[in-house]
A.B. asks: 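Got a structure here, written out as C-alpha cells. Questions coming.
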Amino acid sequence: MTLKFHNTLTNQVDEFASQNNGKVTIYTCGPTVYDYPHIGNWASYIYWDVLIRILMANDYEVNRVINITDVGHLTSDADEGEDKLEKGAKREGKTAWEIAAFYTEDFMNGMRSLGMIMPQHIAKATDYIPQQLDMIRKLKNKGFTYRISDGIYFETSKFTRYADFAHLKLGSQMAGARVEFNPEKHNNSDFALWKFTPTGEKRDMEWATPADLLDNNSRSDLERSKITEESVPKGEQIVMGFPGWHIECSAIIMALLGETIDIHTGGIDHIPVHHTNEIAQSEAINNVRLSNYWLHSNHLKINGSKISKSLGNGYRLDDLAKKGFSPLDYRMFILQGHYRNEGNFTFEGLQSAKNRLHNWRNIAALRHQIHDTIQSDNARNTNNKTISPYATSRAIIEAIDDDLGTPEALRIIDEAFSSISNARITNINQQALINLLDTIDSTLGLQLIGSTPDISDDLKRIIIERNHARAQKDWSKSDKLRDQLLSAGIIIRDTNSEVIWEYKD
RNA sequence: GGCGCGUUGACGGAACGGUUACGUGGAGCUCUGCAAAAGCUUAUAAAUGGGUUCGACUCCCAUACGUGCCUCCA
C-alpha cells in the first residue's frame with residue numbers, strides 16, 4: 001500500500017515520502033475573505049480534505065496550515081487595482097477588518113457544514129505582518145528587491161529558476177497585450193512584496209514601512225531596524241503600506257511549518273503566478289526547496305462554462321440549500337469526480353449524487369436492524385460471503401492512496417453495498433458493517449454513521465404491531481400502520497424473510 | 001499571439017491496449033397480500049478521419065467542436 005500523488009513539480013505521479021517519518025507538513029492556500037465562496041472554491045477544499053484523511057489513514061501525523069488572506073489581495077495579480085478587502089468594505093459600508101471577520105467566520109461555517117477536518121492552524125495574513133516584513137528584508141539584503149514609486153518589488157530575473165515551475169515562456173507570454181504594463185517594473189513578471197499606501201489615502205489596513213526597507217541600498221545589519229514607527233528617523237515621513245498577496249504564504253509557511261514542507265496544495269490557477277512567486281520568494285531566501293510535493297486541483301465548471309467571481313455566476317452553498325441540497329450531497333457530487341479532471345456542475349448531477357448518498361444512508365441504517373451477539377458474529381464469520389469488510393476497507397484506502405482516486409473508491413463502496421443489500425439481514429455481520437462505514441466516513445467524510453440515527457422505540461413498536469397484523473393477514477391494519485410509519489418518514493420494505501425500514505428522505 | 005486541456009451511453013463519471021465500470025434516471029420482467037425494495041433484462045457508448053497493432057475507448061497524427069491559463073478566480 002503506497003501513497004502516490006501527482007506532483008506538479010515533476011509533472012508525474014510520484015510515490016509520497018515525508019521528510020520526517022510519520023509526520024507530514026502541509027499548506028493549503030486558503031480563501032481571500034472578501035466575499036462568499038462559490039461551490040467551485042469548495043470543490044478543491046473537499047479534495048484537500050480527502051488528502052488529509054488519506055494521510056491520516058496511512059498513520060501520518062498531519063500538521064496543516066490554511067491561511068486566510070485578509071489583506072493585500074488586489075483585484076489584479078499584476079499588482080494593480082484595489083485591495084479586495086478594502087473594496088469589499090466600501091461595498092458593504094464596513095471596515096476591512098469587519099469584512100475579514102465576517103467572511104472568515106462564514107468560511108469556517110462552510111468548512112464545518114461540509115464535514116471538513118479542521119486544520120491545526122488557521123493563519124491570518126494580518127497576524128504575520130512582522131514575519132512578512134522580515135522576509136522582505138532578507139530578500140532586500142540578498143539583492144532580490146527594488147523600490148519604485150508604489151512599492152517594493154521582487155526582481156524575478158534574479159531568480160534564475162523563476163519560469164521553471166509553471167513552464168512559463170516569459171518572453172512570448174505577454175504578446176496578448178491584455179496586461180497593463182507598469183513602466184517602472186524591471187520585468188513584467190516582477191511582483192509586489194510591499195505596497196505603499198498612496199499619498200493622501202487612509203486605509204483600514206496599513207502598517208508603517210520599516211525605514212530600512214525604504215532605502216535603495218541593501219543593509220546587512222538586520223538588527224538595525226524594528227518594525228515600529230520609532231524606527232523611522234525623526235523628521236522623515238512615515239510611509240504606510242501593506243503586504244503584497246504572495247508574501248503572506250511564504251512567511252506563514254516559514255513561521256509555522258519551516259523552510260521545506262511536504263505538501264503544498266492549491267488550485268491550478270495558482271501555478272503560473274501565486275505559487276511561482278511563492279517559490280521564488282522562499283527559495284531565494286532559504287536556498288532549499290519550498291515544498292516537496294505540489295498538488296493542484298482542476299476547476300469545476302457550471303453548465304459547461306467557467307465559474308468566476310468577477311462574472312458572478314458562481315452558486316454558493318446557500319443556493320444549493322434553497323433547492324434542497326445539503327452540503328454533504330454536494331460533497332458526494334464532488335467525490336464522484338477526480339480532483340485533476342475538470343468537473344462540470346449541473347443540478348441533475350447533484351440530484352444523482354444526492355440519491356446515491358441517500359441509498360448509502362439506508363445501507364448504513366441496516367446496522368440498527370441487526371442484533372448480533374458476539375458468538376453469532378463469530379459463527380457467521382466463517383461462512384459469510386456477503387461482505388468482506390476488511391478487504392473492502394482496504395480496497396477503498398488503496399483507491400484513494402492512488403492519487404486520490406475517489407471515483408474508484410465510490411465504485412468499490414457501491415459494489416460492497418450492493419452485496420449487502422442483496423443479503424438477508426441475518427447474514428450481515430453487524431460489526432463488519434460498522435467497521436466498513438467507519439472506514440468510509442474517515443476517508444471520505446460523508447458522515448454515514450452520524451447522519452443515520454436509529455428510529456424511536458415508538459416507531460419500532462409500530463413495526464412490531466404491523467408484523468403481527470401481517471401474520472394474521474389483517475391487511476387493512478397492516479397498511480394503516482405502514483402509512484403511519486410513512487408519515488413519520490420511515491419506509492417499510494417487506495422482503496421474503498424480513499422487514500426492513502428505511503429513511504424516506 | 002503563447003501555453004495547455006477536454007470530447008465515453010438519457011445524465012454524472014471511471015478504469016484499462018484484448019473482460020459488464022459504477023452511480024442516477026427510463027422501459028420491461030420476476031418476486032410480492034398490496035406497495036416498496038431487490039434481482040434480471042434492455043436502450044446503435046466511446047466527436048470525426050487516418051495510422052501503429054494479431055487486437056484501440058485506451059497509443060500516435062490530423063480535423064471539428066468545446067474550454068482553460070497567460071487580469072481577477074479553487
Side-chain angles (χ1 to χ4, degrees), chain A residues 28-32 35 37-48 73-82 84 166-180 188-189 245 265-274 296-301 304-311 314 332-333 335-360 362 399 402 405-415 417-418 421-423 470 473-476 478-479 482-483 486 491-496 499-502 504:
Chain A
T28 298
C29 281
T32 301
D35 202 350
H38 56 64
I39 58 173
N41 299 122
W42 286 121
S44 58
Y45 296 114
I46 290 169
Y47 289 126
W48 305 142
H73 199 161
L74 303 182
T75 50
S76 156
D77 274 355
D79 303 310
E80 308 295 333
E82 296 177 82
K84 291 183 170 185
H167 310 290
L168 302 174
K169 295 200 172 178
L170 295 172
S172 52
Q173 196 166 323
M174 301 303 173
R178 277 212 288 163
V179 180
E180 281 180 58
N188 254 318
S189 51
W245 175 39
T265 69
I268 51 169
D269 53 291
H270 282 154
I271 297 171
V273 179
H274 183 52
H296 290 100
S297 58
N298 209 321
H299 283 180
L300 182 73
K301 293 201 242 175
S305 57
K306 74 162 183 168
I307 309 174
S308 164
K309 273 183 184 171
S310 54
L311 292 177
M332 176 65 111
F333 173 81
L335 294 178
Q336 288 180 328
H338 188 92
Y339 80 100
R340 288 200 291 122
N341 286 144
E342 193 171 67
N344 186 31
F345 176 88
T346 61
F347 277 102
E348 266 182 317
L350 182 59
Q351 181 67 50
S352 154
K354 178 192 168 98
N355 293 349
R356 191 182 208 175
L357 181 59
H358 179 247
N359 293 339
W360 285 17
N362 279 328
D402 186 5
T406 55
E408 172 69 2
L410 301 202
R411 190 190 64 78
I412 291 162
I413 293 164
D414 275 315
E415 265 179 16
F417 279 6
S418 130
S421 86
N422 293 342
R470 290 183 74 227
K473 298 196 190 298
D474 184 350
W475 306 127
S476 70
S478 159
D479 289 351
R482 185 166 65 196
D483 288 344
L486 187 64
I491 291 173
I492 290 296
R493 285 171 46 196
D494 299 322
T495 69
N496 284 338
V499 173
I500 294 169
W501 60 260
E502 295 188 338
K504 182 163 162 266

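Numbered from 1 within each chain, the chains take letters A, B, ... in sequence-line order. Just the heavy atoms: all of them, side chains too, but no hydrogens, waters or symmetry mates, feed the values below.
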A.B. asks: For A:Leu410 and for A:Gly337, find the nucleotide of RNA chain B with the closest heavy atom, then tell me which residue's nucleotide is more 5'.
C.D. replies: A:Gly337
A.B. asks: Heavy atoms only: give me the nearest A:Ala353-A:Met332 pair and the separation to one decimal.
C.D. replies: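 Minimum heavy-atom contact is O-CG, 3.5 Å.
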A.B. asks: Sticking with atom C1', work out how far B:U48 lies from B:A15, rounded to a whole angstrom.
C.D. replies: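 About 24 Å, rounded to a whole number of Å.
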A.B. asks: Can you tell me which nucleotide in B:A74, B:G68, B:C34 comes closest to the side chain of A:Tyr45?
C.D. replies: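 Per side-chain heavy atoms of A:Tyr45, the pick is B:A74.
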A.B. asks: Rounded to whole angstroms, how far apart are CD1 on A:Ile271 and C1' on B:C5?
C.D. replies: 12 Å
A.B. asks: Given the P atoms of B:A36 and B:U30, what is the spacing between them in whole Å?
C.D. replies: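 Looking at atom P only, B:A36 and B:U30 are 14 Å apart.
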A.B. asks: Considering only the P atoms, how many Å lie between B:U67 and B:C29, rounded to the nearest integer?
C.D. replies: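 Each nucleotide's P atom is 44 Å from the other's.
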A.B. asks: What's touching nucleotides 27-30 of chain B from the protein side, N or O pairs under 3.5 Å?
C.D. replies:
none

A.B. asks: What's the closest nucleotide to the side chain of A:Arg482 if the choices are B:A74, B:G33, B:G13?
C.D. replies: B:G33
A.B. asks: Would one find a side-chain N or O of A:Asn359 under 4.0 angstrom from OP1 or OP2 of B:U24?
C.D. replies: yes
A.B. asks: Rounded to the nearest angstrom, tell me the gap between atom CZ in A:Arg356 and atom P in B:U24.
C.D. replies: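 Rounding to the nearest Å, CZ of A:Arg356 and P of B:U24 are 7 Å apart.
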A.B. asks: Determine yes or no for a side-chain-to-main-chain donor-acceptor pair under 3.5 angstrom, with A:Ser478 supplying the side chain and A:Lys473 the backbone.
C.D. replies: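 Here the side-chain-to-backbone pair does not exist.
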A.B. asks: For B:G2 and B:A10, measure between their P atoms and round to the nearest Å.
C.D. replies: 38 Å
A.B. asks: Nearest of B:G23, B:A36, B:G68 to any side-chain atom of A:Ile491?
C.D. replies: B:A36
A.B. asks: Let's test your reading of the model: under 3.5 Å, does the base of B:G12 pair with the side chain of A:Asn344 as donor and acceptor?
C.D. replies: no
A.B. asks: Select base, sugar-phosphate, or nothing to describe what A:Gly40 touches, counting heavy atoms under 4.0 Å on all strands.
C.D. replies: base
A.B. asks: Return the minimal non-hydrogen interatomic distance between A:Ala166 and A:Pro272, and the atom names on each side.
C.D. replies: CB-CA, 3.7 Å
A.B. asks: Which atom pair, heavy atoms only, marks the closest approach of A:Trp48 to A:Thr28?
C.D. replies: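 Closest pair (atom of A:Trp48, atom of A:Thr28, distance): CD1-CG2, 3.8 Å.
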A.B. asks: If I pick the P atom on B:G18 and the same atom on B:U58, what distance separates them, to the nearest angstrom?
C.D. replies: 11 Å
A.B. asks: Could you measure between the two P atoms, the one in B:A62 and the one in B:C3, and give it in whole Å?
C.D. replies: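 The same atom, P, in both gives a distance of 14 Å.
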A.B. asks: In whole Å, I'd like the distance from the CD1 atom of A:Ile492 to the C1' atom of B:U32.
C.D. replies: 16 Å
A.B. asks: Show the nearest heavy-atom pair for residues A:Lys301 and A:Glu342, with the distance to one decimal.
C.D. replies: CE-OE1, 2.8 Å
A.B. asks: Given B:C22, B:A74, B:A35, which nucleotide is nearest the side-chain atoms of A:Ser297?
C.D. replies: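 The nucleotide sitting nearest to the side chain is B:A74.
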A.B. asks: Any side-chain N or O of A:Asn341 under 4.0 Å from OP1/OP2 of B:G13?
C.D. replies: no
A.B. asks: With the side chain of A:Pro272 defined as its heavy atoms from C-beta on, choose the nearest nucleotide among B:C69, B:C22, B:A14.
C.D. replies: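 Per side-chain heavy atoms of A:Pro272, the pick is B:C69.
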A.B. asks: Between P on B:A36 and NZ on A:Lys504, what's the gap in Å once rounded to a whole number?
C.D. replies: 15 Å
A.B. asks: Write down the distance separating the C1' atoms in B:A37 and B:G13, rounded off to the nearest Å.
C.D. replies: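 Looking at atom C1' only, B:A37 and B:G13 are 26 Å apart.
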A.B. asks: Rounded to whole Å, please give me the gap between CD in A:Gln336 and P in B:A14.
C.D. replies: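 Rounded to the whole Å, the gap is 9 Å.
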A.B. asks: Base, sugar-phosphate, or nothing for A:Lys301, non-hydrogen atoms under 4.0 angstrom?
C.D. replies: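 Since only primed, P, OP1 and OP2 atoms lie under 4.0 Å of A:Lys301, the category is sugar-phosphate.
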A.B. asks: NA contact type, A:Leu300, heavy-atom cut-off 4.0 Å: base, sugar-phosphate, or nothing?
C.D. replies: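 Result for A:Leu300 = base.
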A.B. asks: Students often get this wrong, so: under 4.0 angstrom with heavy atoms, is A:Ser478 touching a base, only sugar-phosphate, or nothing?
C.D. replies: base
A.B. asks: Give the minimum heavy-atom separation between A:Phe333 and A:Thr346, together with the two atoms involved.
C.D. replies: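 Where A:Phe333 meets A:Thr346 most closely, the heavy atoms are CZ-N, 4.3 Å.
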A.B. asks: Which residue lies toward the 5' end of RNA chain B, A:Trp42 or A:Phe345, if each is placed at its nearest nucleotide?
C.D. replies: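 On the 5' side of the pair lies A:Phe345.
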A.B. asks: What do the steps show when you test A:Asp402 against A:Glu408 for side chain to side chain contact (heavy atoms under 4.5 Å, CB included), and what is the final call?
C.D. replies: CA-CA 10 Å; A:Asp402 186 5; A:Glu408 172 69 2; over 6 Å; no
A.B. asks: Do A:Leu410 and A:Trp360 have side chains that get closer than 4.5 Å, going by heavy atoms?
C.D. replies: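 The answer is yes; the side chains approach within 4.5 Å.
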A.B. asks: Would you say the side chain of A:Trp475 lies within less than 4.5 Å of the side chain of A:Arg470, judging by non-hydrogen atoms?
C.D. replies: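 Side-chain contact under 4.5 Å: yes.
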A.B. asks: For the C1' atoms, the ones on B:G26 and on B:C5, what distance do you get once it is rounded to whole angstrom?
C.D. replies: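 So the two C1' atoms sit 33 Å from each other.
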A.B. asks: For the side chain of A:Arg470, starting at C-beta, report the closest nucleotide among B:G23, B:U67, B:G33.
C.D. replies: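 From the listed options, B:G33 comes nearest.
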A.B. asks: Runs of at least three consecutive Watson-Crick or G-U pairs, both distances under 3.5 Å, are what I'm after; which ones involve RNA chain B?
C.D. replies: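 RNA chain B stems, ordered by first number: B:1-7 with B:64-70, B:10-12 with B:22-24, B:26-30 with B:38-42, B:47-51 with B:59-63.
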A.B. asks: For a quick check, tell me whether the side chain of A:Asn298 and the base of B:C5 share a donor-acceptor pair closer than 3.5 Å.
C.D. replies: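 Absent.
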A.B. asks: Quick one: do A:Asp414 and A:Arg411 satisfy salt bridge (Lys or Arg N to Asp or Glu O under 4.0 Å)? Show the steps, please.
C.D. replies: CA-CA 5 Å; A:Asp414 275 315; A:Arg411 190 190 64 78; over 6 Å; no
A.B. asks: Of the nucleotides B:A74, B:A14, B:C11, which one has an atom closest to the side chain of A:Pro407?
C.D. replies: B:A14
A.B. asks: Across the strands shown, which category fits A:Asn362 at heavy-atom distances under 4.0 angstrom: base, sugar-phosphate, nothing?
C.D. replies: nothing
A.B. asks: Applying the side-chain contact (heavy atoms from CB on, under 4.5 Å) criterion to A:Ile46, which one of A:Asn41, A:Leu335, A:Ile39 satisfies it?
C.D. replies: A:Leu335
A.B. asks: Does any non-hydrogen side-chain atom of A:Tyr339 lie less than 4.5 Å from one of A:Thr265?
C.D. replies: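 A:Thr265 vs A:Tyr339: side chains apart.
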A.B. asks: Measure NE2/A:His296 against C1'/B:C69 and give the value in whole Å, please.
C.D. replies: 13 Å
A.B. asks: Phosphate oxygens OP1/OP2 of B:U24: is one of them under 4.0 Å from a side-chain N or O of A:Asn355?
C.D. replies: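 Checking A:Asn355 against B:U24: no side-chain N or O falls below 4.0 Å of OP1 or OP2.
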A.B. asks: Taking atom P of B:G68 as reference, at what distance in whole Å does atom CG of A:Asp269 sit?
C.D. replies: 13 Å
A.B. asks: With sugar-phosphate meaning primed atoms plus P, OP1 and OP2, does A:His338 contact a base, only sugar-phosphate, or nothing at under 4.0 Å between heavy atoms?
C.D. replies: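 Sugar-phosphate only.
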A.B. asks: Rounded to the nearest Å, what distance is computed from the CZ atom of residue A:Arg493 to the P atom of nucleotide B:A35?
C.D. replies: 16 Å
A.B. asks: Return the minimal non-hydrogen interatomic distance between A:Pro407 and A:Gly337, and the atom names on each side.
C.D. replies: CG-C, 3.6 Å
